Amino acid sequence: MDKKLNWGLLSTAKINQALIRPLTASKRTRLLAVASRSLSSAESYAREWKIPRAHGSYEALLADPEIDVIYNPLPNHLHAEWSIKALRAGKHVLCEKPIALTLAEVDAMTQAAKETGKVLAEAFMYRHHPQTLKAKEIVDSGALGKIQLIKGAFTFNLTREGDIRLNKEMGGGSIWDVGCYPISFARTIVGADPLEVFGWQVTGQSGIDDSFYGQMRFESGVHAQFDSGFKSPFRTMIEIVGTEASLSIPSPFKPERNSELLLSRGDKAEKIKINGGMLYMGEVDDMCDAITQNKAPRVSLADSRGNVATILALLESARTGKPVSLAKS
Ligand SMILES: NC(=O)c1ccc[n+]([C@@H]2O[C@H](COP(=O)([O-])OP(=O)(O)OC[C@H]3O[C@@H](n4cnc5c(N)ncnc54)[C@H](OP(=O)(O)O)[C@@H]3O)[C@@H](O)[C@H]2O)c1
């Protein structure tokens, strides 16, 4: 049995609450500390969530010699800066999606991970879920025939005023926040980056995209279409269409413990039940495997780079009104 890895939360972000249960329940991890820009907020957060240590600055958390792993759920524009600082302080890092906002940032993060020998991975929790693994297995088995089309969506009504997602300087916008999921899913199913993309956006008051409508064309002949947005009710879906059959995934990104896939062939539909467990435990286990067993993280930095490159190309397409090739990025 490996020693328990000590984790520290870099801020009091809302999304921490998804990680606190797996970090507390896992036999491989101990949630040791939380940091906030203010000591009083770190202390009250630590009391509320029964976290043993509170640090009044992010620097103090990185300087804590007992911390092995940093969970980075900062606003998107701070992912690169603080993940690099954490790596250079000798910590492993699980960084929230999107891992960064430019390719130069992803490259600097990759370089820091390489130089320090520490693990850095993007927290795409859905990638580790048995439902995603099953969908990929079905596609790879050839059961759907040759894949032609992948459709996806992730939208919700964003009503919180002052939310980081509405701030352009912080990397706000629906494609960075939720469009990244159907893009990542399509790239995972195809196992490649698109050759070419085209996108439209509906721009909100703050200059971010309130809604994004995108298309991707892959070398293998697969086409993908997705939408993301802050102005529609909560909706998530993936549909994978092959020449022989199609696979629908009603809850692709946040599956419940018991989820199901629908495999349709002609007028027959088969339900495939998935027993999923705790959604966010997968990324915690994957980090532990990477750190203690030297396994490659399931979401590689090259894969994360491909997702960022695709999002940037889609944004450029929406800006210019022209298709954008990814061949050169
Ligand atoms: N994987 C998922 O399921 C999932 C779900 C939701 C969000 N996310 C990702 O997690 C990240 C955080 O999202 P969230 O909704 O949890 O954000 P949030 O509640 O707004 O938290 C962000 C935290 O960052 C800290 N911070 C540092 N500088 C800041 C600044 N200039 N402005 C605002 N906050 C600042 C604050 O903590 P202190 O005040 O304590 O310093 C704040 O609590 C995003 O990257 C998002 O994409 C992932």
Side-chain angles (χ1 to χ4, degrees), residues 8-23 33-49 51 53-62 70-83 85-86 93-101 105-106 109 121-129 132 154-156 158-185 206 208 228 230 234 236 251-256 278-284 286-287 298-299 304 307-308 311:
L9 307 175
L10 192 65
S11 86
T12 59
K14 286 188 287 303
I15 185 59
N16 281 352
Q17 290 181 38
L19 268 287
I20 288 175
R21 250 184 86 221
L23 288 176
V34 60
S36 179
R37 290 165 298 171
S38 108
L39 181 59
S40 63
S41 122
E43 283 174 343
S44 67
Y45 194 87
R47 259 193 314 279
E48 180 181 0
W49 296 101
I51 301 170
R53 282 184 205 169
H55 290 293
S57 70
Y58 300 159
E59 287 84 356
L61 177 66
L62 301 196
I70 296 288
Y71 171 58
N72 180 354
L74 292 173
N76 298 343
H77 71 302
L78 298 175
H79 287 178
E81 176 186 342
W82 283 95
S83 293
K85 282 182 177 160
V93 181
L94 177 64
C95 179
E96 262 310 335
K97 41 56 61 176
I99 194 162
L101 298 171
E105 283 183 342
V106 184
M109 294 166 96
E122 186 176 23
F124 263 127
M125 72 300 191
Y126 89 90
R127 286 283 305 271
H128 308 280
H129 194 273
T132 313
F154 196 154
T155 64
F156 67 104
L158 177 53
T159 51
R160 285 184 301 270
E161 272 182 40
D163 193 281
I164 55 172
R165 291 159 184 75
L166 297 171
N167 186 318
K168 197 168 168 63
E169 280 65 50
M170 289 186 177
S174 83
I175 191 170
W176 285 118
D177 189 47
V178 282
C180 62
Y181 284 97
I183 293 168
S184 159
F185 208 114
S206 58
I208 53 113
S228 61
F230 293 151
F234 180 79
T236 60
S251 187
F253 313 121
K254 296 182 137 195
E256 303 290 327
M278 214 186 278
L279 174 56
Y280 289 81
M281 187 63 98
E283 63 189 20
V284 170
D286 192 67
M287 276 302 283
R298 177 170 282 123
V299 184
S304 295
N307 224 50
V308 172
I311 294 170

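For ligands, and for the atoms within them, numbers begin at 1 and follow the listed sequence. As the structure is a prediction and not an experimental result, all values here were calculated from the model.
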### Message
Between the side chains of E43 and R47, is the shortest nitrogen-to-carboxylate-oxygen separation below 4.0 Å, so that they form an ion pair?
### Response
no
### Query
Between the candidates A13, C95, S38, which shows the shortest non-hydrogen contact distance to atom 43 (O) of ligand 1?
A13
### Message
Could you report the tightest heavy-atom contact between K97 and C180, atom names first, then the distance?
### Response
CE-SG, 3.6 Å
### Query
Parallel, tilted or perpendicular for F124 and Y126, by the 30°/60° rule?
perpendicular
### Message
Checking the side chain of D177 only, and the main-chain atoms of R165 only, is there a donor and an acceptor separated by less than 3.5 Å?
### Response
no
### Query
Numbering the atoms of ligand 1 from 1, which are under 4.0 Å from a heavy atom of N76?
44 (C), 45 (O), 47 (O)
### Message
Using a 4.0 Å heavy-atom cut-off, which part of T12 comes near ligand 1: side chain, backbone, both, or neither?
### Response
both
#### Entry: Non-hydrogen atom of Y280 closer than 4.0 Å to ligand 1
yes
### Query
Heavy-atom contact under 4.0 Å between A18 and ligand 1?
no
### Task
Check whether any heavy atom of Y71 sits under 4.0 Å from an atom of ligand 1.
no
#### Entry: Donor on one side chain, acceptor on other, T236 and Y181, under 3.5 Å
no
#### Entry: Shortest non-hydrogen contact from R298 toward R127
CD-O, 3.5 Å
### Task
Please round to the nearest 0.5 Å and tell me the distance separating atom OG1 of T12 and atom OH of Y45.
6.5 Å
### Query
Looking at L62, V93, I70, which hits side chain to side chain contact (heavy atoms under 4.5 Å, CB included) with W82?
L62
### Task
Of the side chain and backbone of D177, name the one, both, or neither that has a heavy atom under 4.0 Å from an atom of ligand 1.
side chain
### Task
Specify the protein heavy atom at minimum distance from atom 12 (C) of ligand 1: its residue, its atom name, and the distance to 0.1 Å.
P73 O, 3.0 Å
### Per-residue contact class, Y58 against ligand 1 - non-hydrogen pairs under 4.0 Å
side chain
### Query
At their closest point, which heavy atom of A46 faces which heavy atom of V34, and how far apart are they?
CB-CG1, 3.9 Å
### Summary
For S57 and A35, the nearest pair of non-hydrogen atoms, with its separation, is O-CB, 3.6 Å
#### Entry: N or O contact, L78 vs ligand 1, cut-off under 3.5 Å
no
### Task
Any atoms of ligand 1 less than 4.0 Å from a non-hydrogen atom of H79? List them with their elements.
45 (O)
### Message
Could you walk me through whether L19 and V284 satisfy the side chain to side chain contact (heavy atoms under 4.5 Å, CB included) test, starting with their C-alpha distance in whole Å, then the side-chain angles of each, then the deciding distance to 0.1 Å, before giving a yes or no?
### Response
CA-CA 8 Å; L19 268 287; V284 170; 3.7 Å; yes
### Task
Please state whether W176 comes within less than 4.0 angstrom of ligand 1, counting heavy atoms only.
no
### Query
Counting heavy atoms only, which of E283, H77, K97, R160 is nearest atom 46 (C) of ligand 1?
K97
## Note on the structure
The closest protein heavy-atom partner of atom 14 (P) of ligand 1 is R165 NH2, 3.9 Å
#### Entry: ligand 1-proximal atoms of W82, by part, heavy-atom distance under 4.0 Å
neither
### Pick from F253, Y181, Y126: the one approaching atom 2 (C) of ligand 1 most closely through a non-hydrogen atom
Y181
### Message
I'd like to check whether E96 has a polar contact with ligand 1, where a contact means an N/O of the residue lying under 3.5 Å from an N/O of the ligand.
### Response
yes
### Query
Should one rank Q17, M170, R37, K14 by closest heavy-atom distance to atom 28 (N) of ligand 1, which comes out on top?
R37
### Message
If you compare all heavy atoms of P73 against all heavy atoms of S11, which two are closest, and at what distance to 0.1 Å?
### Response
CG-OG, 3.7 Å
### Message
Does any N or O of ligand 1 fall below 3.5 Å from an N or O anywhere on K254, backbone included?
### Response
no
